[in-house]
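Dropping a structure here in structure tokens format, bear with me for questions.
Order of the sequence lines sets the chain letters (A, B, ...), proteins ahead of strands, with each chain counted from 1. All heavy atoms count here, side chains included; hydrogens, waters and symmetry mates do not.
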2 protein chains.
Amino acid sequence: MTETQPSVERPATIYDVARAAGVSHATVTRLLKGYAGIRPETRDRVTEAIRELGYRPNLNARSLTTGRSHRIAALTHEITQVGPNRILEGANMAARDAGYLLDVITLDVHDPAAIRESIDLALQFDLAGVLALASTDEVTKAVETTTFRVPVYLATGHDRVPSDSTPAFNGLFPLLQHLAELGHRDVVHIAGPSGWVGARNRAREYEAAVAELGMRSQGLIHGDWSSRSGYQAILSLPDDLPATAFVAANDQTALGAILALNERGYRVPDDVSVTGVDDTPEAAYFSPPLTTLRIDFAAQGRHAVQQLLALIDGVPPPPMPPRIPELIVRRSTGNNPRAVQ
Amino acid sequence: MTETQPSVERPATIYDVARAAGVSHATVTRLLKGYAGIRPETRDRVTEAIRELGYRPNLNARSLTTGRSHRIAALTHEITQVGPNRILEGANMAARDAGYLLDVITLDVHDPAAIRESIDLALQFDLAGVLALASTDEVTKAVETTTFRVPVYLATGHDRVPSDSTPAFNGLFPLLQHLAELGHRDVVHIAGPSGWVGARNRAREYEAAVAELGMRSQGLIHGDWSSRSGYQAILSLPDDLPATAFVAANDQTALGAILALNERGYRVPDDVSVTGVDDTPEAAYFSPPLTTLRIDFAAQGRHAVQQLLALIDGVPPPPMPPRIPELIVRRSTGNNPRAVQ
DNA sequence: TACCGGAATGTTACCGGCAACATCGTCGGG
DNA sequence: CCCGACGATGTTGCCGGTAACATTCCGGTA
């Protein structure tokens with residue numbers, strides 16, 4: 001289970017390589033930086049020495065002199081949740097592809113002091129940039145009141161499309177349209193926590209879609225992205241449910257809602273419909289399988305990194321490709337039994 | 001959504017601080033390192049200058065001279081899954097508490113070339129140690145064939161207790177004992193992928209417990225930790241189910257199994273029982289809520305970091321505290337309807 | 001044959017810390 | 001009154017790279 005490599009010898013430096021190849025260290029640097037004007041014979045000797053000694057450049061030293069590091073920090077939270085997680089994964093990939101290493105700083109999004117502390121730790125390492133992925137108001141505030149000497153990119157952490165896009169592609173619309181087509185009129189939104197930028201955006205999208213489709217919102221209950229909060233949201237409703245369809249802020253919340261509805265004697269989807277957002281891998285295996293909106297989190301992560309790198313390099317940021325959330329219809333939604341056909 | 005801090009000024013160094021305080025840079029270093037023999041007046045001036053300039057030590061430069069860095073890399077995978085995730089979270093905390101920063105290297109556990117590449121990237125930064133958390137055979141092999149110059153700690157990534165511990169605390173035992181008490185005799189294990197050390201351990205624990213309790217194993221199907229694989233495992237079984245209880249390798253797998261059983265007309269728990277492992281936050285909200293084994297992943301992560309730090313500091317590693325997986329009984333398990341009472 | 005210029009390579013200083021060693025000043029003892 | 005010792009602080013060199021500048025070695029030309 002455990003394994004130690006004693007191997008006390010210090011790693012080889014360019015000086016070691018230079019000595020082994022019988023050249024000066026500058027020649028080694030030149031080779032490493034792809035400088036063309038090196039005699040083939042010399043080049044071979046150096047290359048061989050590098051291989052021989054297993055030389056690996058010390059990136060610390062490098063970034064000390066160049067003044068620019070190749071690492072970026074990502075502030076995130078609760079990596080247990082699927083969304084943030086996937087975003088992180090995408091960001092990680094994109095960063096790696098660009099030759100950067102991503103430091104993940106997990107923070108307690110509700111404790112300003114802890115946020116401060118985490119940011120402070122990160123700032124000690126010289127970073128090329130900072131990616132704020134967890135966008136609660138607390139984090140936003142902490143980021144805004146900190147003086148970073150490096151570019152910072154603040155992502156909302158949840159899907160966000162330009163507000164001028166067509167309704168059909170705007171957030172929750174496809175989901176509500178689907179419900180409307182099934183004859184549902186009265187709907188309740190079990191939202192994310194109000195301190196989250198993404199949750200608020202989603203709630204607004206919900207209101208807009210409901211209005212657009214001529215439906216009636218019978219309530220907006222703030223949860224906390226958890227299954228528990230979905231469960232409790234349903235339990236908090238009066239005996240005679242005010243709606244026939246429930247739009248949860250994410251799949252986990254929907255899971256809890258389904259259980260609560262079952263326990264209160266409602267069958268999903270025969271009596272009521274439930275939808276989620278995210279399309280986590282598990283959503284297809286809920287009982288019943290969940291109708292949801294597929295979000296391409298990895299793309300969001302990649303995009304965030306690209307934006308940040310553009311800031312770092314001082315080039316215009318690449319445009320956000322239009323992300324169209326895809327409606328995934330499964331078995332948690334059905335015709336409204338009370339609908340006048 | 002975006003925010004840039006132009007702020008081109010380079011960060012303050014000890015030299016800047018020294019100049020501002022009218023002392024030499026060595027005095028600043030001394031203060032920073034907690035050296036006692038500094039005149040109070042001088043100390044105040046320096047402290048003030050540090051505050052004034054917002055000085056933060058450049059850890060790159062520091063580790064360049066001291067030769068020891070304060071960062072460790074964690075090799076992990078699929079951070080989407082709850083277990084590895086929580087482990088990472090615990091590791092992150094422990095590392096931070098010890099003043100280390102944890103670099104998370106996500107790797108494709110099945111592509112040896114990608115594993116190599118990721119490890120190589122990590123090695124360029126000078127690391128104090130490496131934590132291998134994703135323990136597939138491929139990763140294990142890659143780690144073993146790489147020459148790290150730093151300590152490496154290889155964790156199995158899943159619960160593991162000393163083999164000499166009492167059966168009652170050994171892995172899956174409590175779960176199977178619970179099933180036995182409910183009158184179940186024939187049981188099937190939906191395991192994790194065979195390339196995973198943790199999955200194999202768990203499978204062995206299953207076999208041992210079944211034997212110990214006088215039950216009969218009617219099969220061991222390898223899944224891949226996913227809900228899909230749990231679903232398909234059930235579908236692969238003959239029409240007349242060979243068992244009345246199904247022990248899944250994790251909660252996700254159990255979720256898929258429950259759906260498949262439902263679709264095949266079996267009610268859980270009235271007809272058959274299903275159990276998971278992990279106790280993810282969602283498990284309590286499955287329909288029906290899942291009987292499972294609670295694993296303290298965060299503790300595993302913390303422990304792994306502590307082991308690694310002990311290796312780094314050359315001190316004897318702290319003992320593993322006995323981790324007793326806790327049986328969480330919910331509604332996915334019930335009496336065996338076929339049992340002769 | 002002396003000279004010029006560019007290609008190939010070497011030398012040097014610096015990045016921001018740390019630590020060994022050097023220096024300065026002051027106080028107490030002989 | 002001088003000197004030693006010690007406390008407080010300054011100077012220097014080094015860690016492993018990078019880059020500006022310097023030098024060497026050619027061949028080609030006048």
**Q.** Pairwise ring-ring contact (aromatic ring centres under 6.0 Å, His included) hits with a residue in residues 39-61 of chain B, at least two apart
**A.**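 Residue pairs passing ring-ring contact (aromatic ring centres under 6.0 Å, His included), neighbours aside: none found.
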Q. Is the shortest side-chain N/O distance from B:Thr27 to OP1 or OP2 of D:dA8 below 4.0 Å?
A.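 No, B:Thr27 has no side-chain N/O under 4.0 Å of OP1/OP2 on D:dA8.
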**Q.** Any residue meeting side chain to side chain contact (heavy atoms under 4.5 Å, CB included) with B:Ile105, in chain and number order, not counting sequence neighbours
**A.**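 Partners of B:Ile105 by the side chain to side chain contact (heavy atoms under 4.5 Å, CB included) criterion, ordered by chain and then number, come out as A:Arg96, A:Leu101, B:Ala73, B:Leu75, B:Ser118, B:Ala122.
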Q) Excluding sequence neighbours, so at least two apart, what forms salt bridge (Lys or Arg N to Asp or Glu O under 4.0 Å) with A:Glu48? A)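 Partners of A:Glu48 under the salt bridge (Lys or Arg N to Asp or Glu O under 4.0 Å) test: A:Arg51.
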**Q.** Start and end of the DNA chain C segment that chain A contacts, any atom under 4.0 Å from a heavy atom
**A.**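 Nucleotide range with atoms under 4.0 Å of chain A: C:dA8 to C:dG16.
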Q | Where A:Leu88 and A:Thr76 come nearest, the two heavy atoms and their spacing | A |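 So the two residues come closest at CD2-CG2, 4.0 Å.
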Q: May I ask you to test the B:Arg45-B:Val23 pair for a side-chain heavy-atom distance under 4.5 Å?
A: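 Sidechains of B:Val23 and B:Arg45: in contact.
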Q) Which parts of nucleotides 14-23 of chain D does protein reach within less than 4.0 Å, heavy atoms only, written one letter per nucleotide 5' to 3' as B for base, S for sugar-phosphate only and - for none? A) -BBBBBB---
**Q.** Per-nucleotide pairing state of DNA chain D [Watson-Crick or G-U, under 3.5 Å; [ ] pseudoknot-crossing; | other strand]
**A.** ||||||||||||||||||||||||||||||
Q: List the atom of B:Tyr35, the atom of B:Arg43, and the distance in Å for their closest heavy-atom pair.
A: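 Nearest heavy atoms, B:Tyr35 then B:Arg43: O-NH2, 3.2 Å.
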Q: Write down the atom of B:Ile72, the atom of B:Val305, and the distance for their closest heavy-atom approach.
A: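 Taking every non-hydrogen atom into account, CD1-CG1, 4.4 Å.
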(Q) Heavy atoms within less than 4.0 Å of DNA chain C: which residues of residues 39-51 of chain A have one? Give them sorted by number. (A)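 Here the set is A:Arg39, A:Thr42.
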**Q.** Set of residues satisfying side chain to side chain contact (heavy atoms under 4.5 Å, CB included) with respect to B:Thr65, sequence neighbours excluded
**A.**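 B:Thr65: no side chain to side chain contact (heavy atoms under 4.5 Å, CB included) contacts found.
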Q) Who passes side chain to side chain donor-acceptor pair (under 3.5 Å) against A:Arg30, sequence neighbours left out? A)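 For A:Arg30 there are no side chain to side chain donor-acceptor pair (under 3.5 Å) partners, ignoring immediate neighbours.
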**Q.** Selection residues 54-65 of chain A - residue pairs positive for salt bridge (charged side-chain N to carboxylate O under 4.0 Å, His left out), sequence neighbours left out
**A.**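 Listed once each, the pairs are A:Arg56-B:Asp120.
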Q) Listed by chain and number, what are the salt bridge (Lys or Arg N to Asp or Glu O under 4.0 Å) partners of A:Arg302, not counting sequence neighbours? A)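 For A:Arg302, no residue satisfies salt bridge (Lys or Arg N to Asp or Glu O under 4.0 Å) once neighbours in sequence are set aside.
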Q: Could you pull out all residues at least two apart from A:Tyr15 that satisfy ring pair (Phe, Tyr, Trp, His ring centres under 6.0 Å)?
A: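 Checked A:Tyr15 against ring pair (Phe, Tyr, Trp, His ring centres under 6.0 Å); matches are A:His25.
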